[in-house]
Amino acid sequence: MIFEKLNIIPPILEALKREGYTQPTPIQEQAIPVILAKRDLVGLAQTGTGKTAAFAIPILQILQAEPKEVKGKHTIKALILTPTRELAIQIGESFTAYGRYLGLRNTVIFGGVSQGAQTDALKAGVDILIATPGRLLDLMNQKYINLRHIKLFVLDEADRMLDMGFSHDVKKIIAHLPEIRQTMLFSATMPPEISKLVGDILKNPIRVAVTPISSTVDAIEQTVYFVEKKDKKHLLVHLLKNKAVISALVFTRTKHGADKLTRDLIRAGVQAEAIHGNKSQTARQRALTKFKNKETRVLVATDIAARGIDIDELSHVINYDLPNVPETYVHRIGRTGRAGLGGEALSFCDQEEKAYLLDIQKLITKPIQVIEDHPYPLSEDSEIASQNIPPKAGPRKTGVIGYYRRGRQR
Ligand code: AMP
């Protein structure tokens, strides 16, 4: 399949070529024709599947065919609602990239920064608005934003949105949208609350689904190291001596844990930075940019801060702490192995986290390979390494971690 087959207009095809995209991903192949046919859509897809382009490309194409101005002014015709500032910024960058040869304007609004630059952009007129719920409501209340010209509405990461407590805000925003509109809802999982929302806000939607949450991306190699809690930082420093770890996103359970680990890494001579909700938006964005540019090798993050972080060619995801919600593991490791690239997901498991590991293995329905040969094994009496863990897949590994890549060139 090539993009040309999806009836995409030449200026967008040209922009995709510039991005280095040669083939649509499965979610793009399924969703683009549905959205271009102006149908409502439910997309069951997690980040890393190319879902942003799956909605951004057809939205740009539909809007390109519409008059941009009403009474000489650009009006907001598409609204993309997304849970985090990082995601909002990345979606904005995607619209800018795919729409670079069109005359459409997008702007991104989110909280945690002063509103001046955002309201200036709104006053100048925009066609596509990408927003997090809180700031959007705030600016709507201040009358900077009017949603009455919206024709296209995307609710992105709907499950996460509800997890983060935005349910009420989302409903308030939807109440301001015109009845006649095209709605697209994307979610990695489909819990009952989301199914209900789909019934409430979409009309005869077409469903498209890729990579169910339980089947982790095959391109990702998953391993686990049993280690005492106190030795985790030493094990991490040891593993980071391997040059094959080009860039690693390391997950800790708490913000405090992220800061502490970052300090330990810096002390050990590793370029590391932390990203979490207590940092200012500017600090988070700066950390992310440095990581993307490979100036920082290790980004230590909490789940909320890292949700949807889109980093090309991320070689390793390291679960320094295992998550107690197994789906979170799938979301975390989905940061690597993106769009055809291989990647590695390493997990540290201490005594107390053993139950979490079993839950994760149940969800992903395959064993995670145990690396026994490392300098900080659990002591004999903690004896968790061999208990209750499903059989190892393939030959025993030696603890050497390598980065492999496939496909895409940029
Ligand atoms: P997303 O799931 O939207 O977060 O996208 C994941 C990553 O895949 C992003 O870095 C995109 O730039 C990239 N991507 C999206 N579509 C394609 C494609 N058709 N070919 C190659 N890379 C893509």
Side-chain angles (χ1 to χ4, degrees), residues 216 220-245 248-270 272 274 298 300-303 306 315-333 335-336 343-403:
T216 41
I220 303 172
E221 196 177 325
Q222 300 168 58
T223 50
V224 60
Y225 294 71
F226 291 106
V227 55
E228 309 254 6
K229 195 183 237 95
K230 67 173 176 41
D231 287 331
K232 283 184 172 183
K233 61 173 185 269
H234 303 299
L235 177 59
L236 182 59
V237 169
H238 168 74
L239 293 173
L240 289 171
K241 286 190 185 133
N242 188 334
K243 296 276 183 298
V245 185
L249 181 57
V250 176
F251 284 94
T252 59
R253 195 168 304 129
T254 64
K255 298 169 195 171
H256 175 69
D259 281 334
K260 189 170 174 312
L261 177 62
T262 306
R263 284 196 299 272
D264 289 338
L265 288 174
I266 292 169
R267 221 171 287 137
V270 177
V298 176
V300 184
T302 55
D303 288 300
S315 69
H316 289 75
V317 166
I318 300 177
N319 292 302
Y320 188 83
D321 296 317
L322 276 180
N324 55 358
V325 175
E327 283 82 3
T328 303
Y329 174 85
V330 181
H331 288 309
R332 285 181 180 183
I333 75 163
R335 305 284 81 75
T336 184
E344 292 202 19
L346 282 59
S347 299
F348 294 176
C349 181
D350 65 27
Q351 192 79 274
E352 288 162 20
E353 294 170 315
K354 188 181 165 193
Y356 302 158
L357 181 64
L358 291 175
D359 284 346
I360 291 165
Q361 290 182 319
K362 253 184 250 157
L363 177 77
I364 64 172
T365 63
K366 63 177 176 189
I368 302 172
Q369 198 162 22
V370 181
I371 305 289
E372 289 171 2
D373 185 10
H374 68 82
Y376 303 97
L378 275 172
S379 54
E380 278 300 303
D381 53 346
S382 47
E383 63 157 33
I384 74 165
S386 55
Q387 271 190 13
N388 291 329
I389 303 300
K392 286 179 242 162
R396 192 177 112 168
K397 297 242 321 189
T398 58
V400 174
I401 42 182
Y403 173 48

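Counting heavy atoms from C-beta on, the side chains of Thr252 and Thr302 come closer than 4.5 Å. Contact annotation: the side chain of Leu265 never approaches that of Val250 to less than 4.5 Å [non-hydrogen atoms, C-beta and beyond]. The shortest side-chain heavy-atom distance between Leu357 and Phe226 falls under the 4.5 Å cut-off. You'll find the side chain of Ile364 reaches within 4.5 Å of the side chain of Gln222, heavy atoms only. Proximity of Ile360 to Pro323: side-chain heavy atoms (C-beta onward) are separated by under 4.5 Å at one or more points.
A salt bridge links Lys260 to Asp264: at least one charged side-chain nitrogen sits closer than 4.0 Å to a carboxylate oxygen.
The structure places CG of Leu363 at 10.0 Å from OH of Tyr329, a figure rounded to the nearest 0.5 Å. With values rounded to the nearest 0.5 angstrom, Tyr356 atom OH is found 9.0 Å from Leu322 atom CG. A distance of 9.0 Å separates CD of Glu221 from CG of Leu346, quoted to the nearest 0.5 Å. Between Cys349 atom SG and Tyr225 atom OH the span is 13.5 Å, to the nearest 0.5 Å. Distance CG/Asn242 to NE2/His316: 7.0 Å, rounded to 0.5 Å. Taking CD1 from Ile333 and CD1 from Ile318, the interatomic distance works out to 13.0 Å, rounded to the nearest 0.5 Å.
The only member of Lys229, Lys232, Arg332 that meets salt bridge (Lys or Arg N to Asp or Glu O under 4.0 Å) when paired with Asp321 is Lys232.
Considering every non-hydrogen atom in both Ala274 and Ala258, the closest pair reads CB-O, 4.1 Å. Taking each heavy atom of Ala248 and Val245 in turn, the nearest pair found is CB-CG1, 3.8 Å. The heavy-atom pair separating Leu261 from Val300 by the smallest distance is CD2-CG1, 4.0 Å.
Between Phe348 and Tyr320, the ring planes lie tilted relative to each other; the angle falls in the 30° to 60° range.
The backbone N or O of Asp350 lies less than 3.5 Å from a partner atom in the side chain of Glu353, making a donor-acceptor pair.
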